[in-house]
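A quick write-up on the structure given underneath.
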Amino acid sequence: SLSLSLSLSATASHPPQYADGSGAQLISVLSIIFRDYTDSQNWILMKTLLVCYEQILTRFGTGFAETLQHLRQLDSVQLILSLKMAQVFSSTAITQLSQMFFVAVIFFHTSEYLLAVAFHGRPNVTLGSLLISKGYIFAMVFSMLEYVVEILLVPELKEHWWICYTGLVMVVIGEIIRKMAIITAGYAFTHLIRTNRDEHHELITHGVYRFVRHPGYTGFLIWSVGTQIMLCNPLSTIGFAIVVWRFFYRRIPYEEYFLRRFFGSQYDDYARRVCSGVPFVK
């Protein structure tokens with residue numbers, strides 16, 4: 001950006017002498033465009049503008065009107081695609097998608113699997129402990145499609161960094177709550193609902209379980225919604241909240257049916273004292 005700024009400054013001082021005397025006018029227009037993209041700190045778009053700028057100065061030197069005529073003959077579709085791809089791979093997109101995949105998704109699934117192995121042993125753990133289902137993949141693909149479409153059509157929507165960082169904080173908080181739940185429960189925590197009680201299964205009511213009965217679900221709900229707020233995805237934020245809540249709305253009563261069979265009045269007393277941890281689920 002510095003080299004482009006110096007180049008424009010130098011050229012503005014000695015504009016190309018077109019036949020119609022419009023060199024200064026052309027440089028003025030380019031300077032305004034450059035200033036706008038400098039303000040947006042979009043270095044990829046500035047690089048694209050530099051290429052166009054150099055083509056104008058080196059290839060079309062016969063007059064401003066003829067320059068515009070030559071520019072119209074360029075592959076406009078290719079230029080538009082270049083600008084759109086520059087938006088997709090802008091610094092904003094790179095930052096947000098890096099947070100999404102490295103801070104959120106990869107860490108979440110890897111840690112889920114490793115903790116399952118730590119408490120239950122490798123022979124007793126399958127790849128299902130990665131928690132990657134067809135429905136989950138569909139939801140993530142939809143969220144990525146929304147992100148790409150919105151950054152192409154309304155890129156300013158992704159520039160609300162206070163929203164993005166709010167989502168990042170939610171991701172971290174949700175992750176901490178869920179991992180605290182897994183570590184506190186230890187062997188008693190499983191990714192699949194137990195339908196039969198074994199001799200080592202005990203009711204966990206201490207630690208984070210003193211505040212909510214299903215902290216693992218609480219953490220996942222916060223985490224999943226946070227990933228979409230982090231991407232500034234309004235549709236996926238609403239969609240994830242509804243789908244994940246609906247999943248736990250059905251799962252919790254089913255799971256607690258077996259917990260009441262296992263622990264009887266002990267679980268009934270616990271359920272009366274402590275909320276489920278998922279809104280509107282008793």
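Along the sequence shown, the residues carry numbers beginning at 1. Keep in mind the model is a prediction, meaning the values are calculated, not measured. Values reported hereafter were calculated over all heavy atoms of this structure, with side chains retained and with hydrogens, waters and symmetry mates removed.
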### Query
How about Met100 and Tyr147: do any of their side-chain heavy atoms sit closer than 4.5 Å?
no

### Task
Check whether Phe107 and Leu114 end up in the same hydrophobic cluster, where Ile, Leu, Val, Met, Phe, Trp and Tyr are linked by side-chain heavy atoms less than 4.5 Å apart.
no

#### Entry: Validation row: Tyr113, His191 side chains within 4.5 angstrom (heavy atoms)
no

### Task
Specify the closest pair of heavy atoms between His201 and Asp198, including all atoms of both residues, with the distance to one decimal.
N-OD1, 3.0 Å

### Task
Calculate, to the nearest 0.5 Å, the distance between atoms CE and CD1 belonging to Met140 and Ile132 respectively.
9.5 Å

### Heavy atoms from other residues, nucleotides or ligands near CZ of Arg250 exceed 12 (cutoff 6.0 Å)
no

### Message
Testing the basics here: between Pro279 and Leu221, what is the closest heavy-atom pair and its distance to 0.1 Å?
### Response
CD-CD2, 3.8 Å

### Query
Do Cys232 and Glu150 touch side chain to side chain, with heavy atoms closer than 4.5 Å?
no

### Message
On a heavy-atom basis, which atom in Val171 and which in Ala104 lie closest, and how many Å separate them?
### Response
CG1-CB, 3.9 Å

### Task
Mind listing the closest non-hydrogen atom pair of Asn124 and His120 along with its distance?
ND2-O, 2.7 Å

### Query
Can you tell me if Ser236 uses its side chain to pair, donor with acceptor, with the backbone of Gln228 under 3.5 Å?
no

### Query
Would you find a donor on one side and an acceptor on the other, under 3.5 Å apart, between the side chain of Glu112 and the backbone of Leu131?
no

### Query
Are Glu256 and His214 side-chain neighbours, meaning at least one heavy-atom pair lies under 4.5 Å?
yes

#### Entry: Within 6.0 angstrom of Ile137 CD1, more than 12 heavy atoms from elsewhere
yes

### Query
Between the main-chain N or O of Ala181 and the side-chain N or O of Arg178, is there a donor-acceptor pair closer than 3.5 Å?
no

### Query
Has Tyr187 got more than 12 heavy atoms of other residues, nucleotides or ligands less than 6.0 Å from its OH?
yes

#### Entry: Distance in Å, Arg273 CZ paired with Asp268 CG, rounded so as to fall on 0.5 Å steps
11.0 Å

### Task
For Thr227 and Ser224, indicate whether the former's side chain and the latter's backbone hold a donor-acceptor pair under 3.5 Å.
yes

### Task
Output the distance between atom CG (Leu145) and atom CG (Asn233), rounded to the nearest 0.5 Å.
10.0 Å

### Message
To the closest 0.5 Å, what do you measure between CD1 (Ile229) and CG (Leu168)?
### Response
11.5 Å

### Task
State, yes or no, whether a side-chain contact exists between Trp245 and Val278 at a heavy-atom distance under 4.5 Å.
yes

### Task
Test His109 against every option in Tyr136, Phe101, Phe102 by the ring pair (Phe, Tyr, Trp, His ring centres under 6.0 Å) rule and name the one that passes.
Tyr136

### Message
In the structure I gave you, are the side-chain heavy atoms of Phe211 and Ile177 within less than 4.5 Å of one another anywhere?
### Response
no

### Query
Can you check whether Lys158's main-chain N or O pairs, donor with acceptor, with Gln96's side chain at less than 3.5 Å?
yes

### Task
Answer with yes or no whether the hydrophobic clustering places Leu97 together with Ile163; edges join I, L, V, M, F, W, Y residues whose side-chain heavy atoms lie under 4.5 Å apart.
yes

### Message
Can you confirm whether Met144 sits close enough to Leu231 that some side-chain heavy atom of one is under 4.5 Å from a side-chain heavy atom of the other?
### Response
yes

### Query
Heavy-atom distance under 4.5 Å between the side chains of Trp161 and Thr95, does that happen here?
yes

### Query
Linking I/L/V/M/F/W/Y whenever any side-chain heavy atoms sit under 4.5 Å apart, do Ile242 and Val244 land together?
no

### CD1 on Ile222 to OH on Tyr217, rounded to 0.5 Å
15.0 Å

### Query
Shared ILVMFWY cluster between Leu152 and Leu235, side chains joined below 4.5 angstrom?
no

### Message
Quick check on the 6.0 Å ring-centre criterion: do Phe220 and Phe108 meet it?
### Response
yes

### Message
So which atom in Val125 and which in Ala116 form the shortest heavy-atom distance, rounded to 0.1 Å?
### Response
CG2-O, 3.4 Å

#### Entry: Side-chain hydrophobic cluster, 4.5 Å single linkage: members besides Ile176
Leu115, Phe119, Val172, Met180, Ile182, Ile183, Phe189, Ile193, Leu203, Ile204, Val208, Tyr209, Tyr254, Tyr257, Phe258, Leu259, Phe262, Phe263, Tyr267, Tyr270, Val274

### Message
On the six-membered ring of Phe248, is Arg213 placed so that its NZ or CZ lies under 6.0 angstrom from the centre and within 45° of the ring axis?
### Response
no

## Note on the structure
Closest heavy-atom pair, Ala93 versus Ile151, reported as atoms and distance to 0.1 Å, is CB-CD1, 3.6 Å

### Query
Do you reckon Leu127 sits in the same ILVMFWY cluster as Leu192, going by side-chain contacts under 4.5 Å, direct or chained?
no

### Message
Please report the interatomic distance OG1(Thr166) to NE2(His160), rounded to the nearest 0.5 Å.
### Response
12.0 Å

